[in-house]
Number of protein chains: 2
Amino acid sequence: MSVTIYDLAREAGVGIGTVSRCLNNHPSVSAETRAKVLEVIKRLSYQPHASAQRLASKKTNTISAIIPFFTNYFFIQVLQGVQDKAAEFGFDLILYGVNNTSQAEYYLRRSLHRGHVDGVMFFSMKLPESYVQKFQQIRLPLVLVDAYHPEFDSISVKNLEGATMATRHLLKLGHTNIAMINASLATQPARDRMEGYRIALEEADVPFRNDRVFISEIGKQDGFNREAGRASMEDLIGKNSGKDRVTAVFIASDVQSMGALEGAAELGVRVPEDLAIVSFDDIELAQHAQLTTMRQPMYEMGVLALEKLTTRMKNPDAPPSQTTFLPSLVVRRSCGARVPSEQLV
Amino acid sequence: MSVTIYDLAREAGVGIGTVSRCLNNHPSVSAETRAKVLEVIKRLSYQPHASAQRLASKKTNTISAIIPFFTNYFFIQVLQGVQDKAAEFGFDLILYGVNNTSQAEYYLRRSLHRGHVDGVMFFSMKLPESYVQKFQQIRLPLVLVDAYHPEFDSISVKNLEGATMATRHLLKLGHTNIAMINASLATQPARDRMEGYRIALEEADVPFRNDRVFISEIGKQDGFNREAGRASMEDLIGKNSGKDRVTAVFIASDVQSMGALEGAAELGVRVPEDLAIVSFDDIELAQHAQLTTMRQPMYEMGVLALEKLTTRMKNPDAPPSQTTFLPSLVVRRSCGARVPSEQLV
DNA sequence: TTGAAAGCGCTAACAG
DNA sequence: CTGTTAGCGCTTTCAA
């Protein structure tokens, strides 16, 4: 059938070991032998068999990425960074999109199968405790992206600090009645972003008020979605009257802001004139909707994730390395700050 | 080290063949032997070695997807369909994102490596002729998505018919001076969409005019991008005066429309009052921008792509099966048609 | 129904 | 520098 190293060896009049050495650029092959073998390889248009190589070498040159809701723009951007870097290193990237939690475990198990992948990237979900040992036991490199566990390499974004920066921006613009639209407090990002909001208010001696935090958990993704954002905004507007009415709102994510904008428009509330908005993520839509928002360096996170993985492969015993990125404020129209139009991104 | 079928066999007091049969639910194993083996498997928490299985069985249960600009919403949606279906079939999906044409060939070669994948999906690019034979020779299943070649399974969208429908919609709304903003005619979709536009005009006895077709090839993706759309729109508006001024435009893609909307807004041209727009794709942004557009059934295309692949694996000699989807008109605000607001999607 | 044995195609250690 | 040999861990005949 297909040509193997035995065919090459016979044809070139050498041993299979020599052929293998040529294939793997092993130094100890004489120039002329190498040339001869290479010629035969070309002539017979030989292709090494991936599975055989993997079995013998115990390396797969493959990594897997376990990602929730992977149609989300955040993940796409990160993935782009991962993908570009993987190509550079010659790794194959297996994409595991998870739609529910049991699926996440399934893919973790699958990734743990011997001889399947050389490393795993786990995105934005809590790593089940039972897998902590498993990964350590098998010594399979694992990097957590947008997630954290003390025992593993991880990359994440400073949600708390980012939220503080966002709220400060609103304060600096003169607002004091600042509400927050949040998602389910069951998620860590929601808790962190609320805490950051609280801290910024406190710094400015503005009292934190529970009735100024609007949370809707309708829809998917723990309330990080358009409908929930819309519902919260309608709720906010419905209750917003009197002397100390809210003039600005920090929204926990851009997707929610998209819904919030719809809700505001429908109820005749102008943004930013009646209500200034700052949110979080900087997804693609944010630019179009002219949202002021906290930008996460998504592509860079992806690149770094892959680098951490390869580093870990080379050095399995190094202590876990955790990296956190500080998001940056991108000012657009929704916050009401006057910006020269050329600066609008 | 790790436990192999030999360990299982010894422990269970059977031969490795029997163990293998249990693993693969081969029928001819007695119930009690099977139970015994299964118990040992569980007790030693055995895991089959993927590469070894692949080498011996000559199956990888893996497919690859070669995708250009994979941050594009169209591909993400299609990929979601592929991914969901792949999970169902137990396939691993290797994602190859291509940034330039030489990369596409690299990934094709890589996919052709023996023992690497069982099937390939190639997206939205012209399959280089030199690979036609290679795939046929190796008999590696290949399905073209949003692309076409007579010798392979394919899934695509009726660009010509879609463009005709789009243009007809504008005609039906009473417009007769209808321009088109297109991308590079080097691409088949651009040619088809222009032809569809031409046909619709012809049907309505409206003469096709070359000076009403605006093409910009600046930026990436052959002009299918925001900047090019903006440039074309500015060009159009700059030339748009006099008695027979253009009142509607068919734009070849939603991304271009996004730029075109910006350009129009900046130049004080209102959409749809001054200029009605219909475009093509229905990416996520289209909904937010309230674009009337031709929707492609992206998720369904992904599902079908994987189904075609598995069908082909089972039946390598069946004639190529080509499926084309007819896009559907989604009416939103940009075309100026009066729509009850609940109907706005 | 089951065990033994022969591959699958390659890598790598070991002598020369 | 090079050939030989022994695995890598599994699937699959082939007899029994």
Side-chain angles (χ1 to χ4, degrees), chain A residues 1-41 44-62 90 110 112-118 138, chain B residues 1-41 44-62 90 110 112-118 138:
Chain A
M1 268 282 293
S2 41
V3 10
T4 73
I5 47 171
Y6 287 92
D7 302 318
L8 299 182
R10 191 177 346 99
E11 194 73 16
V14 299
I16 62 164
T18 303
V19 173
S20 177
R21 276 172 216 120
C22 290
L23 255 26
N24 300 293
N25 315 79
H26 192 96
S28 60
V29 180
S30 77
E32 65 173 333
T33 313
R34 161 156 297 153
K36 190 170 53 185
V37 173
L38 256 30
E39 180 272 319
V40 178
I41 287 178
L44 303 191
S45 65
Y46 164 80
Q47 297 242 315
H49 188 106
S51 302
Q53 286 181 308
R54 290 174 183 184
L55 176 56
S57 70
K58 305 201 156 297
K59 288 214 179 88
T60 66
N61 290 316
T62 304
R110 188 153 182 154
L112 281 162
H113 268 0
R114 290 182 303 144
H116 205 145
V117 299
D118 294 337
I138 317 276
Chain B
M1 266 284 290
S2 41
V3 9
T4 72
I5 47 172
Y6 287 91
D7 302 317
L8 298 181
R10 192 176 345 100
E11 195 73 16
V14 301
I16 62 164
T18 303
V19 174
S20 176
R21 277 172 214 121
C22 290
L23 256 25
N24 300 293
N25 317 77
H26 192 97
S28 61
V29 180
S30 76
E32 63 175 334
T33 314
R34 161 158 296 154
K36 189 169 54 183
V37 173
L38 256 31
E39 181 270 322
V40 178
I41 287 178
L44 304 190
S45 65
Y46 163 80
Q47 294 240 317
H49 187 107
S51 303
Q53 285 182 311
R54 290 175 185 184
L55 176 57
S57 70
K58 307 201 156 299
K59 290 218 177 84
T60 66
N61 290 316
T62 304
R110 189 155 182 150
L112 280 162
H113 268 1
R114 288 181 305 144
H116 204 144
V117 299
D118 295 338
I138 316 276

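Throughout, protein chains are lettered first and strands after them, A, B, ... in sequence-line order, and every chain is numbered starting at 1.
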Notebook entry, point to check: Counting only non-hydrogen atoms, which of residues 50-61 of chain A are less than 4.0 Å from DNA chain D?
Noted result: A:Leu55, A:Ala56, A:Lys58
Heavy-atom side-chain contact between [X] and [Y] under 4.5 Å:
{"X": "B:Ile5", "Y": "B:Leu23", "answer": "yes"}
{"X": "A:Ser30", "Y": "A:Thr33", "answer": "yes"}
{"X": "A:Arg54", "Y": "B:Arg54", "answer": "yes"}
{"X": "B:Leu8", "Y": "B:Val37", "answer": "no"}
{"X": "A:Val19", "Y": "A:Tyr46", "answer": "no"}

Using atom [atom1] of [X] as one end and atom [atom2] of [N] as the other, report the distance to the nearest whole Å.
{"X": "B:His113", "N": "C:dC8", "atom1": "NE2", "atom2": "P", "result": "20 Å"}
{"X": "B:Arg34", "N": "C:dT2", "atom1": "CZ", "atom2": "C1'", "result": "13 Å"}
{"X": "B:Leu8", "N": "C:dG3", "atom1": "CG", "atom2": "C1'", "result": "16 Å"}
{"X": "B:Ile16", "N": "C:dT1", "atom1": "CD1", "atom2": "P", "result": "20 Å"}
{"X": "A:Ile5", "N": "D:dT2", "atom1": "CD1", "atom2": "P", "result": "16 Å"}
{"X": "A:Tyr6", "N": "C:dT11", "atom1": "OH", "atom2": "P", "result": "11 Å"}
{"X": "B:Arg10", "N": "D:dC10", "atom1": "CZ", "atom2": "P", "result": "13 Å"}
{"X": "B:Asn25", "N": "D:dT11", "atom1": "CG", "atom2": "C1'", "result": "14 Å"}

Next item on the list: Could you grab the distance from atom OG1 of A:Thr60 to atom NE2 of A:His116, nearest 0.5 Å is fine?
Entry: 8.5 Å
Any donor-acceptor N/O pair, [X] side chain to [Y] backbone, under 3.5 Å:
{"X": "A:Asn24", "Y": "A:Arg21", "answer": "no"}
{"X": "B:Asp118", "Y": "B:Asn61", "answer": "yes"}
{"X": "A:Ser20", "Y": "A:Ile16", "answer": "no"}

Next item on the list: May I ask you to verify if any side-chain N or O of A:Thr33 is less than 4.0 angstrom from the OP1 or OP2 atom of D:dT2?
Entry: yes
Check: If only side-chain N and O atoms of B:Ser20 are considered, is one of them under 4.0 Å from the OP1 or OP2 phosphate oxygen of D:dT11?
Finding: yes
Next item on the list: Tell me which of A:Pro48 and B:Pro27 sits closer to the 5' end of DNA chain C, going by the nucleotide each one is nearest to.
Entry: B:Pro27
Checklist line | Any donor-acceptor N or O pair under 3.5 Å, side chains A:Arg114, B:Ser2 | finding: yes
[X] side-chain proximity, nearest of [options]:
{"X": "B:Thr18", "options": "D:dG3, C:dT2, D:dG9", "value": "C:dT2"}
{"X": "B:His49", "options": "C:dT11, D:dG9, C:dG3", "value": "D:dG9"}
{"X": "B:Ser30", "options": "C:dT2, C:dT11, C:dC10", "value": "C:dT2"}

Item checked: Terminal axis angle for the helix from C:dT1-D:dA16 to C:dG16-D:dC1, five pairs an end, nearest 10 degrees -> 40°
Next item on the list: Would you state whether a donor and an acceptor, one from the side chain of B:Arg21 and one from the base of D:dT13, lie under 3.5 Å apart?
Entry: yes
